[in-house]
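Here is the structure we will look at, set down as structure tokens.
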Amino acid sequence: MQTPTYAHTYLAAAGLRLPTNWLDYTILAIYFVVVLGIGFAARRSVKTSLDFFLSGRSLPAWITGLAFISANLAATEILGMAANSAQYGAYTVHWYWIGAIPAMVFLGLVMMPFYYGSKVRSVPEFLLLRFDKAAHLLSSILFAFAAILIAGVNLYALAIVVEALLGWPQWVAIVVAGAFVLAYITLGGLSSAIYNEVLQFFVILAALIPITILGLRKVGGWGGLTHKLAETHGHNFTTAWGGTGIGSTNPLGANWLTIVLGLGFVLSFGYWTTNFAEVQRALSAKNLSAGQRTPLIAAYPKIFIVFLVMIPGLVAAALVPNIGTSASGLQYNDAIPYLMQELLPNGVLGIAVTGLLAAFMAGMAANVSSFNTVFTTDIWAKYVVRGREDAYYVRFGRWITVIGVCASVGTAFLASSFSNIMSYLQTLFSFFNVPMFVVFIIGMFWKRASVKSGFWGLLAGTITAMVNYFVLYKRGIISIPSDQGANFVSAIAGFLAGAVVMVLVTLFTEPKPARELQGLVYGTRSPGMSEPPAPGDDAWYRKPALLGWGAVVLAALCYIPFSF
């Protein structure tokens with residue numbers, strides 16, 4: 001399959017120019033004014049570094065829950081998952097129902113008590129408590145690097161949308177949106193990012209719902225869509241499990257085993273349980289119960305959002321059967337912009353463009369705010385400039401935010417070589433999140449795991465995943481049908497390598513004293529994990545276990561219509 005170059009992307013996007021008018025630009029301008037207003041309002045609450053980096057741990061669960069899902073529902077999610085659907089079909093549901101919900105529930109029910117109870121400010125800081133400085137520093141560097149790369153993907157997604165749809169030069173689009181993200185994060189810190197993400201969640205829905213409804217109407221409803229795709233792409237294109245038997249062929253290039261293990265376990269648990277851009281929202285909750293409910297509340301909209309990104313991708317595949325090839329002039333990434341051009345009138349078009357910019361800003365803000373926290377608290381304050389007054393680290397956090405935004409501009413061009421930006425993201429997750437997850441999961445559930453095993457397990461997992469992708473797969477030493485299939489295999493390889501190395505290193509090195517593992521290993525508790533429930537927390541909708549299992553059952557039921 002041909003992968004279009006960046007120049008090809010530009011030429012394809014130029015053909016998607018939208019007839020925007022004053023009404024669309026007015027809607028866009030109002031949104032930017034509101035965003036900055038939230039930043040100035042949040043600035044008044046920033047008095048300490050805890051306020052700047054974790055909102056003073058004061059936010060209610062419904063706020064942090066919506067921010068949690070909004071941080072994930074970035075432009076890369078919208079463009080990338082629509083691209084996934086245009087390329088792979090209904091297999092996209094796996095990224096949600098098996099590739100997100102179980103891991104989000106696991107984070108809320110099992111891991112949040114350890115994160116929140118230990119009072120850490122970041123995910124890498126937990127490794128400092130459980131293992132040693134070597135594991136902590138390596139994980140901090142890897143996470144900071146990954147956050148900048150992922151922020152760059154958001155910038156590239158923004159460039160695709162704004163340059164194609166509004167006709168703005170690429171550098172103008174990047175500078176304008178980047179400046180607004182930079183402004184409201186440096187003004188109000190995480191609180192500003194979170195409250196803007198709640199607003200952005202509803203703006204994003206307002207953008208996606210009209211595209212989905214009008215797209216279905218264009219192709220004759222769900223029945224007309226599935227009939228047309230069955231004719232052009234085969235019956236399996238509109239099923240979740242069709243053709244996934246071992247040895248069978250399907251558009252995704254993966255079988256049920258690699259889907260369940262690679263995506264459903266390794267990649268999804270690696271992302272949702274260790275990605276600080278998400279966990280940071282839960283850590284800002286006002287108490288442990290609210291922290292646990294944050295990912296569980298987010299799980300419910302996550303179950304259904306798949307329809308708002310998958311259906312537009314399927315509609316684009318039905319209307320342009322050869323999308324993603326040079327014959328069509330469109331990349332898979334162009335599925336959403338193409339439908340906006342074809343379907344939306346002015347006014348609604350302005351809302352849709354605003355929604356995509358909101359999605360970009362939510363994803364960018366999530367990665368930048370997590371980057372400035374990790375770089376400031378885990379690298380700078382612990383290894384470079386230690387023991388300074390609190391105000392110093394708030395000022396440094398604002399400056400490193402500026403540097404992070406500037407650095408992400410450079411990494412945006414790396415994303416331009418991928419026809420499907422979701423494939424690129426999954427590649428990054430297999431390199432950075434999966435090895436961190438294996439260290440966390442073994443460290444949390446095995447008391448004997450030694451101090452030194454964390455560093456070597458993380459290093460081995462990262463290197464193995466990279467070798468599998470860049471050497472074995474890219475050089476054709478092993479044959480894997482697609483980039484996504486290769487990502488699943490890389491994730492499994494990285495997980496296994498990290499686990500094996502951790503076990504081997506543990507056998508020859510000393511474990512951490514039991515008294516230092518309280519609240520860090522399953523079966524032990526710390527005072528922070530035993531806080532009394534807040535008044536009213538006995539209501540059914542505030543019980544984490546009930547919310548979690550309800551989400552799992554609902555996601556499983558959603559598979560039924562797509563199983564045949």
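Side-chain atoms are counted along with the backbone in the values below, which use heavy atoms only and exclude waters and symmetry mates.
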So does [Y] get a backbone contact from the side chain of [X], meaning a donor-acceptor N/O pair under 3.5 Å?
X: W97; Y: I303; result: yes
X: S70; Y: L66; result: no
X: E125; Y: R121; result: yes
X: S139; Y: H136; result: yes

Between [X] and [Y], is any pair of side-chain heavy atoms under 4.5 Å apart?
X: V521; Y: R130; answer: yes
X: L267; Y: S430; answer: yes
X: F307; Y: T212; answer: no
X: M104; Y: L296; answer: no
X: L263; Y: W95; answer: yes
X: F201; Y: P301; answer: yes
X: I204; Y: I305; answer: no
X: T92; Y: Y96; answer: yes

Minimum heavy-atom distance [X]-[Y], with the two atoms named:
X: Y393; Y: G387; result: OH-N, 3.3 Å
X: G262; Y: A491; result: O-CB, 4.2 Å
X: A207; Y: G355; result: CB-CA, 3.7 Å
X: G350; Y: T354; result: O-OG1, 2.7 Å
X: G457; Y: M502; result: CA-CG, 3.6 Å
X: G99; Y: S268; result: O-CB, 2.8 Å

[X]-[Y] aromatic ring centre distance below 6.0 Å:
X: F440; Y: F131; result: no
X: Y559; Y: H94; result: yes
X: F495; Y: F265; result: yes

Side-chain donor-acceptor pair under 3.5 Å between [X] and [Y], yes or no?
X: S122; Y: Q280; answer: no
X: Q292; Y: Y116; answer: no
X: T427; Y: N487; answer: yes
X: T294; Y: T64; answer: yes

Exercise for the section: Determine, for R395 against E389, whether the closest basic-nitrogen to carboxylate-oxygen distance falls under 4.0 angstrom. Expected result: yes
Exercise for the section: Using a strict cut-off of less than 4.0 Å between a Lys/Arg side-chain nitrogen and an Asp/Glu carboxylate oxygen, indicate whether E197 and R281 qualify as a salt bridge. Expected result: yes
For the atom pair [atom1] ([X]) and [atom2] ([Y]), what is the distance rounded to the nearest 0.5 Å?
X: F269; Y: T273; atom1: CZ; atom2: OG1; value: 7.5 Å
X: D378; Y: F143; atom1: CG; atom2: CZ; value: 9.5 Å
X: L339; Y: I211; atom1: CG; atom2: CD1; value: 7.0 Å
X: F375; Y: S140; atom1: CZ; atom2: OG; value: 10.0 Å
X: I30; Y: T26; atom1: CD1; atom2: OG1; value: 6.5 Å
X: C558; Y: I98; atom1: SG; atom2: CD1; value: 13.5 Å

Can you confirm whether more than 12 heavy atoms, excluding those of [X], are under 6.0 Å from its [atom1] atom?
X: Y300; atom1: OH; result: yes
X: Y522; atom1: OH; result: no
X: K447; atom1: NZ; result: no

Exercise for the section: Would you please test T462 and L142 for side-chain contact (heavy atoms from CB on, under 4.5 Å) and show each step? Expected result: CA-CA 9 Å; T462 302; L142 290 176; 3.8 Å; yes
Problem - Chi angles and distances behind the side-chain contact (heavy atoms from CB on, under 4.5 Å) call for F429, I150 - result: CA-CA 10 Å; F429 296 153; I150 296 171; 3.6 Å; yes
For [X] and [Y], take the angle between the two ring planes, folded into 0 to 90°, and tell me which bin it lands in: parallel under 30, tilted 30 to 60, perpendicular over 60.
X: F396; Y: W380; value: parallel
X: W272; Y: F68; value: parallel
X: F126; Y: Y115; value: perpendicular

Exercise for the section: Could you walk me through whether N433 and F437 pass the side-chain contact (heavy atoms from CB on, under 4.5 Å) test, one step at a time? Expected result: CA-CA 6 Å; N433 292 97; F437 170 63; over 6 Å; no
Exercise for the section: Any chance you could lay out the side-chain contact (heavy atoms from CB on, under 4.5 Å) test for M111 and M444, step after step, and finish with the verdict? Expected result: CA-CA 9 Å; M111 297 189 74; M444 277 187 175; 3.6 Å; yes
